[in-house]
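None of these values were measured; they are calculated from a predicted model. All residue numbers in this chain count up from 1 along the given sequence.
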Amino acid sequence: MTALALLAGCVQSPATRTASAPAQPQQPPQQQVPGQHCAPPVYPQEALQARMSGVSMMAFLVGSDGTVRESRLLKSSGYAILDHAAEAALRLCRFKPALKNGHTVAAWQPVQYAWSLP
C-alpha cells in the first residue's frame, strides 16, 4: 500500500493501493503509516468468481478532521462492483489533514485501487 502525503496546494500523481484476493479467509492486515489509517479494500467475492480486475481511479476530499468527506470516481475499473468496493474502503480511511498557515484544512487527493487477481 502506498502512503499518501497530504499537502495543501500540492497536486500529486495518484497513489496506488492494491486489492488482492486473500489466500485464506481472514481479515487483511492493516498497514499503519503515520497520519494514515486505512485497511486494504475487500475484493468482492462475486468479482473474484467472475475473474474481474482493473483499476479504479478516484479523488477524495480529506476534511480538516482527517475523515474522508467526499469521493469521486474519475475512471472506472470497468466493473461497478469493484468501483463501489473501492469507494466503500476509502470512506473508512482516516488521514492526517493538510495544513495551510498552521491550520488544518480540507484538501482533495487522488488515489488508484488496483484490483489484481492471484
Side-chain angles (χ1 to χ4, degrees):
M1 190 178 327
T2 304
L4 293 176
L6 298 177
L7 302 172
C10 278
V11 176
Q12 302 171 359
S13 61
T16 301
R17 300 172 182 277
T18 302
S20 57
Q24 50 189 323
Q26 62 183 16
Q27 201 61 7
Q30 187 171 7
Q31 182 179 2
Q32 296 297 321
V33 177
Q36 175 183 333
H37 305 284
C38 200
V42 176
Y43 217 122
Q45 192 62 32
E46 180 184 332
L48 282 172
Q49 291 171 345
R51 309 279 305 153
M52 295 176 188
S53 63
V55 176
S56 300
M57 295 178 65
M58 304 175 70
F60 62 100
L61 178 64
V62 176
S64 60
D65 63 353
T67 61
V68 176
R69 298 293 186 163
E70 189 178 337
S71 64
R72 294 183 183 150
L73 183 65
L74 302 177
K75 184 177 178 194
S76 175
S77 64
Y79 301 99
I81 191 170
L82 295 179
D83 298 335
H84 291 304
E87 184 177 38
L90 193 56
R91 279 194 306 264
L92 299 175
C93 296
R94 300 293 179 263
F95 298 93
K96 183 176 180 181
L99 291 175
K100 184 173 184 179
N101 298 325
H103 294 85
T104 58
V105 295
W108 281 94
Q109 294 296 315
V111 67
Q112 292 183 38
Y113 282 95
W115 300 93
S116 303
L117 294 166

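Here CD of Q112 is found 9.5 Å from CG of L74. Values are rounded to the nearest 0.5 Å. Residue R91 holds its CZ atom at 6.5 Å from OG of S71, rounded to the nearest 0.5 Å. In this structure, the separation between OG1 on T67 and CG on L92 is 11.5 Å, given to the nearest 0.5 Å. Distance check: H84 NE2 to S76 OG gives 9.0 Å after rounding to the nearest 0.5 Å. Taking CG from L117 and CG from L48, the interatomic distance works out to 6.5 Å, rounded to the nearest 0.5 Å. To the nearest 0.5 Å, the span separating CZ on R69 from CH2 on W108 amounts to 12.0 Å.
In this structure the side chain of Y113 reaches within 4.5 angstrom of the side chain of L90, judged on heavy atoms. Counting heavy atoms from C-beta on, the side chains of L99 and T104 come closer than 4.5 Å. F95 is listed as a side-chain neighbour of C93, based on a closest heavy-atom distance under 4.5 Å.
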Please report, to 0.1 Å, the donor-acceptor pairs under 3.5 Å made by any side chain of residues 51-61, with sequence neighbours excluded.
unit_1 : atom_1 : unit_2 : atom_2 : d
S56    : OG     : D83    : OD1    : 2.7
S56    : OG     : W115   : NE1    : 3.2

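Nearest heavy-atom pair, G63 versus P97, reported as atom, atom and distance to 0.1 Å: O-CB, 3.6 Å. Contact detail for A89 and C38: the closest heavy-atom pair is O-SG, 4.5 Å.
The closest donor-acceptor contact from the side chain of H103 to the backbone of N101 lies under 3.5 Å.
Within 6.0 Å of CD in E46 there are 12 or fewer heavy atoms belonging to other residues, nucleotides or ligands.
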